[in-house]
Protein chains: 2
Amino acid sequence: MKREEFSVDCSACPIRHKAVCSRCEPDELDELERIKFYKFYPAGQTVAIRGEPLETVASVVGGVATLTRSMEDGRTQLVGLLLPSDFIGRPGRTAIEYDVTAVTDLTLCCFNRKPFEDLLVRFPHVRERLLEMALDELDAARDWMLLLGRKTARERIASLIALIVKRSTRPDGSVMGTGTRIELPITRETMANYLGLTIETVSRQLTKLRADGIIELDGKRGIIIPDLGGLLAETGDDDDGGMIF
Amino acid sequence: MKREEFSVDCSACPIRHKAVCSRCEPDELDELERIKFYKFYPAGQTVAIRGEPLETVASVVGGVATLTRSMEDGRTQLVGLLLPSDFIGRPGRTAIEYDVTAVTDLTLCCFNRKPFEDLLVRFPHVRERLLEMALDELDAARDWMLLLGRKTARERIASLIALIVKRSTRPDGSVMGTGTRIELPITRETMANYLGLTIETVSRQLTKLRADGIIELDGKRGIIIPDLGGLLAETGDDDDGGMIF
DNA sequence: TGGGCCCTTTGACTTGCGTCAATGTCAGGA
DNA sequence: TCCTGACATTGACGCAAGTCAAAGGGCCCA
């Protein structure tokens, strides 16, 4: 596995600024700075494989990565979509549970496991933040269970687009208006593996949603949402579910 | 909502003995003892409803509870199965994310949220334990995503039975042999809602697994597994996945 | 002993999504 | 400019699981 060192402006690192350390004291930030390092993976590259020992934890700085579980015969289910500020790895466990893949070019802010765990002992609020993140991921996973177990193909597609709209929105509160254009960060195959569908079904449902005026397709990856409310109505969710910023 | 007080022997409380406090000092145990209290719910009773404010966290002492998400039209997906020693609620959040229902008669060991959170600040290892539990639940949820997204009905049924066998096994290492009989703690409807299927499909696949000699049915709830390896081969999982005790 | 209720099983039929296969689109390289 | 390969769309067809409906059990209680 090829792993190149990659120099990145520290101010972009979410470990420091968002994911872990929004409550850090200056001297704690200095300590985080000392032990962190960056890694870069080109699009398509495998970051980690299930069962492999893992000696680092990391936070996504830029790009998109996926967590997947696969069966021997090739059936694949995406179990997590990692966008900037998301965390990879779990303190206290050495083996990796999922395959991690870079979908786009990917920059990670890494910490070796041992020094990071030492740091958790001294900075309890970092562990508190990790607990919050784990519980948020758990909620997200459970919402996805409803999608995979009970939603129709059309509802799944609408839910995914709504999710990406939501995650594309700045957390500063600037809500997307109408006529928004978003860029799908993933291929049809990745979408299918996330939604528990085939690429053909994904394609057909996107075509149908376009025919029904719910979305407009703009090239292979671009989607324009003329009416966000119309899209949300197609997800099958309660109106307010998760759309509160 | 009827909630009766219920007296229980403290030694059965997993908060004290397993879920949270295996590392507690004696004086910490005393403090936990002081603030805990028990609640009892008869089978079928609603414990909590999504959106409702939640002022307690709890640990399952006896019985089975479920976490579910539902859509307006009635489609329901079970997102968690709570067996003794499992934890309900999340510190730092006041609203409930899921519907919680007692499937069998259920005994909970409860803590009011505020004193429990105060306790977390003073006993950091309790928060460490909560993080471990959250990450374990996250792994379980993601395994279930693979099941819901990609497995056939037959594989889902086999996986559920295997899961219940696994969870019925003592953690002291006594592995179930062949010819084991287990008691399904849930109805066909609950199974269907857990597996993303209909009750008819669940029933048909159970019948087929019996016809193929993978399982034997013993009354409505009992299942005899003549050959555990044969059952595991039907789950679609890697041989060793999760079956290490 | 029988009736009512709930859960489960079974059968006949339907359908949404998967499978297989062909065609379309676009970007990069010779 | 054409070739090539990767990704996406579309169509025809099949099947696994859903839907609708009826017929068992098993348990409680009159």
Side-chain angles (χ1 to χ4, degrees), chain A residues 42-45 64 66 71 73-77 101 103-105 147-161 183-212 215-223 234 236, chain B residues 42-44 71 73-77 101 103-104 147-161 183-212 215-223 234 236:
Chain A
Q45 183 124 15
V64 180
T66 58
M71 300 170 68
D73 61 8
R75 279 176 285 175
T76 295
Q77 178 64 48
T101 310
V103 175
T104 64
D105 285 354
L147 179 145
L148 293 172
R150 294 302 185 195
K151 287 189 180 177
T152 65
R154 183 186 179 94
E155 289 168 339
R156 294 183 199 205
I157 299 287
S159 297
L160 177 62
I161 298 172
E183 189 80 10
L184 291 178
I186 52 178
T187 65
R188 295 284 185 274
E189 186 181 12
T190 306
M191 291 176 66
N193 286 335
Y194 203 9
L195 297 171
L197 300 170
T198 60
I199 55 176
E200 294 94 331
T201 300
V202 170
S203 185
R204 274 188 262 267
Q205 293 300 330
L206 281 171
T207 303
K208 257 186 208 157
L209 285 171
R210 183 185 51 182
D212 295 345
I215 60 172
E216 291 162 30
L217 301 180
D218 179 27
K220 282 186 178 176
R221 297 293 184 87
I223 291 187
E234 295 291 337
Chain B
M71 300 171 69
D73 61 8
R75 281 177 283 174
T76 296
Q77 178 64 47
T101 310
V103 174
T104 64
L147 179 145
L148 293 172
R150 294 303 185 194
K151 287 189 181 179
T152 64
R154 183 187 179 94
E155 289 169 338
R156 294 184 199 203
I157 298 286
S159 297
L160 177 63
I161 298 172
E183 190 81 8
L184 291 179
I186 52 178
T187 66
R188 295 284 184 272
E189 186 181 13
T190 306
M191 290 177 67
N193 286 336
Y194 203 9
L195 297 171
L197 299 171
T198 59
I199 55 174
E200 293 95 330
T201 300
V202 170
S203 184
R204 274 188 262 268
Q205 293 299 330
L206 282 170
T207 303
K208 257 186 209 158
L209 285 171
R210 183 185 51 182
D212 295 344
I215 59 172
E216 291 162 30
L217 301 180
D218 179 27
K220 281 186 180 176
R221 297 292 184 86
I223 290 188
E234 296 292 335

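So you know, we letter chains A, B, ... as the sequences are listed, proteins then strands, and number each from 1.
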Query - Which atom of B:Ser159 lies closest to which atom of B:Leu147, heavy atoms considered - result: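 In terms of heavy atoms, the two residues are closest at CB-CD1, 3.5 Å.
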
**Report entry** Atom of B:Lys151, atom of B:Arg156 and distance for their closest heavy-atom approach
**Finding:**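 Shortest heavy-atom contact: O-NE, 2.9 Å.
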
What is the separation between atom [atom1] on [X] and atom [atom2] on [N], rounded to the nearest whole Å?
| X | N | atom1 | atom2 | result |
| --- | --- | --- | --- | --- |
| A:Ile199 | C:dC17 | CD1 | P | 16 Å |
| A:Asn193 | C:dG18 | CG | P | 11 Å |
| B:Arg188 | D:dG25 | CZ | P | 15 Å |
| B:Glu200 | D:dA23 | CD | P | 16 Å |
| A:Leu209 | D:dT10 | CG | P | 13 Å |
| A:Leu184 | D:dC7 | CG | C1' | 14 Å |
| A:Asp73 | C:dG18 | CG | P | 15 Å |
| A:Asp218 | D:dA8 | CG | P | 15 Å |

Looking only at side-chain atoms of [X], point me to the closest of [options].
| X | options | answer |
| --- | --- | --- |
| A:Ser203 | C:dT8, D:dA8, C:dC17 | D:dA8 |
| A:Ala153 | C:dT9, C:dC17, D:dG18 | C:dC17 |
| A:Lys220 | D:dC7, D:dG18, C:dT9 | D:dC7 |
| B:Thr201 | C:dT10, D:dA12, D:dA17 | D:dA17 |

Query raised in the report: Under 3.5 Å, side chain of A:Arg150 to main-chain N/O of B:Arg75, donor-acceptor pair present?
Result: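 It does not hold such a pair.
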
Requested in this report: Look at B:Thr207 and C:dT10 and indicate whether a side-chain polar atom (N or O) is within less than 4.0 Å of OP1 or OP2.
Outcome: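 Result: yes.
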
Query raised in the report: When you check the phosphate oxygens OP1 and OP2 of C:dG18, does a side-chain N or O of A:Thr198 lie under 4.0 Å from one of them?
Result: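 For C:dG18, OP1/OP2 do have a side-chain N/O of A:Thr198 under 4.0 Å.
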
**Report entry** hbond_proxy A:Arg204 side chain to D:dG11 base (donor-acceptor, 3.5 Å cutoff)
**Finding:**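 Yes, the side chain and the base share a sub-3.5 Å donor-acceptor pair.
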
Query raised in the report: Across the strands shown, which category fits A:Gly196 at heavy-atom distances under 4.0 angstrom: base, sugar-phosphate, nothing?
Result: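 Sugar-phosphate, backbone atoms only, no base.
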
**Report entry** Touch class at under 4.0 angstrom, heavy-atom based, for B:Thr187 against every strand present
**Finding:**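 B:Thr187: backbone/sugar contact only, no base atoms under 4.0 Å.
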
Requested in this report: Could you pick out which residue, B:Gly219 or A:Leu197, lies toward the 5' side of DNA chain C when each is mapped onto its nearest nucleotide?
Outcome: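 In this pair, the answer is B:Gly219.
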
Query raised in the report: Which residue, B:Leu217 or A:Lys151, contacts DNA chain C at a nucleotide closer to its 5' end, judged by nearest heavy atom?
Result: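 That would be B:Leu217.
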
Query - Check against side-chain contact (heavy atoms from CB on, under 4.5 Å), B:Arg221 and B:Thr187 - result: CA-CA 8 Å; B:Arg221 297 292 184 86; B:Thr187 66; 3.2 Å; yes

Query raised in the report: Salt bridge between A:Lys208 and A:Glu234, side-chain N to carboxylate O under 4.0 Å?
Result: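 Judged by the 4.0 Å cut-off on N to carboxylate O distance, A:Lys208 and A:Glu234 do not form a salt bridge.
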
